[in-house]
Visitor: 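Would you mind keeping the following structure in view while I ask a few things?
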Amino acid sequence: MTSADPTFEGVYGPYSITATDRQEVRSYRIALLITGLSLAAGVLQWWQTDSPWAWLWVLPMATALGLALRWIHIYLRPLHRALQLFWLSGCIGWGALLLQAGPTEVLSTLRDQPLWILAIGPLFAALAGIGFKEFFCFQRPEAIGLTLLLPAALLGHLVGLINGPLCLALLEAAALLLVLLALRKFGMEAAADVGDKSVFAYLDGQLPAGTP
């Protein structure tokens, strides 16, 4: 912390927003934007061209989402860990799908055997969790749209309530809402994304010694 760092009065005492905090916030916003752009590009490519290689967009999407979950500021550590576990589980699910179907049949297998949504779905659950967090903190309509459209698309297709094209349309809409959410965040002060650091410090003080 330096004398130039802005200081705020939190619920449990004063705290400062440091250069490290500001860098983490910038990195989080960039990662969120890359996640949205990758998802939008992948869904659009599959929807419009039926390319078997559209799944490759999952690689930058999942990487950026993992980094966003690394830098996101969430008061409740169990919730943060749960979102990270969803991300990891979804990545493992994609890996299993790749091994089972082969790289050129991944998307056709996912379309024809929707039960695979149970394997890859946790990756999108982690993304929906970020959307819920953003809506809870900032009441952005695009955030709640993202949170609702992702499960509606995937679960709707899983249980047969919506067809493939409608599922892709909902996913594309969710991806574009995520891009809008990320772009709008670049105009916000870093302190808004960091939140009340005194709450973080208080909650960390309640943890048993040696908790990671």
Visitor: With a cut-off of 6.0 Å (strictly less than), are more than 12 heavy atoms of other residues, nucleotides or ligands near CD of Glu189?
Guide: no
Visitor: Do Leu148 and Leu123 share a hydrophobic cluster, counting only Ile, Leu, Val, Met, Phe, Trp and Tyr and linking them when any side-chain heavy atoms are less than 4.5 Å apart?
Guide: no
Visitor: For a quick test of reading the model, state the closest non-hydrogen atom pair linking Ala126 to Leu69 and the distance between them.
Guide: CB-CD1, 4.1 Å
Visitor: Test side chain to side chain contact (heavy atoms under 4.5 Å, CB included) on Ile30 and Phe186; report intermediate values, then the result.
Guide: CA-CA 9 Å; Ile30 292 170; Phe186 283 98; 4.0 Å; yes
Visitor: Assess the side chains of Trp47 and Glu172: does a donor N or O sit below 3.5 Å from an acceptor N or O?
Guide: no
Visitor: Applying a strict under-4.5 Å side-chain criterion to I, L, V, M, F, W and Y, I'd like to know whether Tyr75 and Leu85 cluster together.
Guide: no
Visitor: Kindly work out whether a path of hydrophobic side-chain contacts (I/L/V/M/F/W/Y, heavy atoms less than 4.5 Å apart) joins Trp46 to Leu97.
Guide: yes
Visitor: Checking side chain to side chain contact (heavy atoms under 4.5 Å, CB included) against Ile162, which of Leu158, Val159, Leu166 comes through?
Guide: Leu166
Visitor: Identify whether Phe86 and Ile72 are in the same connected component of the hydrophobic contact network (ILVMFWY, side-chain heavy atoms under 4.5 Å).
Guide: yes
Visitor: So, for Asp50 and Arg111, which heavy atoms are closest and what is the spacing to 0.1 Å?
Guide: OD1-NH1, 3.4 Å
Visitor: So, do Leu146 and Ile130 sit near enough that their side-chain heavy atoms are less than 4.5 Å apart?
Guide: no
Visitor: I need the full list of side-chain hydrogen bond (donor to acceptor under 3.5 Å, both in side chains) pairs touching residues 85-106, with sequence neighbours left out, sorted by first then second residue.
Guide: Glu105-Ser108
Visitor: Does Leu183 belong to the same Ile/Leu/Val/Met/Phe/Trp/Tyr cluster as Leu178, with side-chain heavy atoms less than 4.5 Å apart forming each link?
Guide: no
Visitor: Distance check, rounded to the nearest 0.5 Å: Leu44 atom CG versus Ser51 atom OG?
Guide: 11.5 Å
Visitor: Would Leu33 and Val179 count as a side chain to side chain contact (heavy atoms under 4.5 Å, CB included) here? Give the steps.
Guide: CA-CA 6 Å; Leu33 180 59; Val179 171; 4.0 Å; yes
Visitor: At what distance, to the nearest 0.5 angstrom, does CG of Leu83 lie from CG of Leu79?
Guide: 5.0 Å
Visitor: Determine whether Val58 and Ile120 satisfy the following criterion, side chain to side chain contact (heavy atoms under 4.5 Å, CB included), listing intermediate values before the conclusion.
Guide: CA-CA 11 Å; Val58 172; Ile120 68 164; over 6 Å; no
Visitor: Hey, does the side chain of Trp55 reach the backbone of Pro103 with a donor-acceptor pair shorter than 3.5 angstrom?
Guide: yes
Visitor: Does any non-hydrogen side-chain atom of Leu171 lie less than 4.5 Å from one of Leu39?
Guide: no
Visitor: Can you give me the closest heavy-atom contact between Ala128 and Leu150, atom names plus distance?
Guide: N-CD1, 3.9 Å
Visitor: Do you know the tightest heavy-atom contact between Ile17 and Ala191?
Guide: CG1-CB, 3.9 Å
Visitor: Does a donor on one side chain and an acceptor on the other come within less than 3.5 Å for Thr20 and Glu24?
Guide: no
Visitor: Measuring only between side-chain heavy atoms, which start at C-beta, is Val106 closer than 4.5 Å to Pro52?
Guide: no
Visitor: Where do Gly42 and Ala54 come nearest, in terms of heavy atoms and distance?
Guide: O-CB, 3.7 Å
Visitor: Do Thr147 and Phe136 have side chains that approach each other closer than 4.5 Å (heavy atoms only, starting at C-beta)?
Guide: no
Visitor: How far apart are the closest heavy atoms of Asp193 and Arg29, and which atoms are they?
Guide: OD2-NE, 2.8 Å
Visitor: If I take atom CG from residue Leu32 and atom CG from residue Leu37, how far apart are they, to the nearest 0.5 angstrom?
Guide: 10.0 Å
Visitor: Can you list, by chain and residue number, the hydrophobic cluster partners of Met188 when the side-chain cut-off is 4.5 Å?
Guide: Phe138
Visitor: According to salt bridge (Lys or Arg N to Asp or Glu O under 4.0 Å), who are the partners of Asp21, at least two apart in sequence or on a separate chain?
Guide: Lys197
Visitor: Rounded to the nearest 0.5 Å, what's the gap from CG on Asn163 to NE2 on His157? Could you check?
Guide: 8.5 Å
Visitor: If you measure from OG1 on Thr35 to CG on Leu181, what distance do you get to the nearest 0.5 Å?
Guide: 11.0 Å
Visitor: Once rounded to the nearest 0.5 Å, what's the spacing between atom CD of Glu134 and atom CD of Glu142?
Guide: 9.0 Å
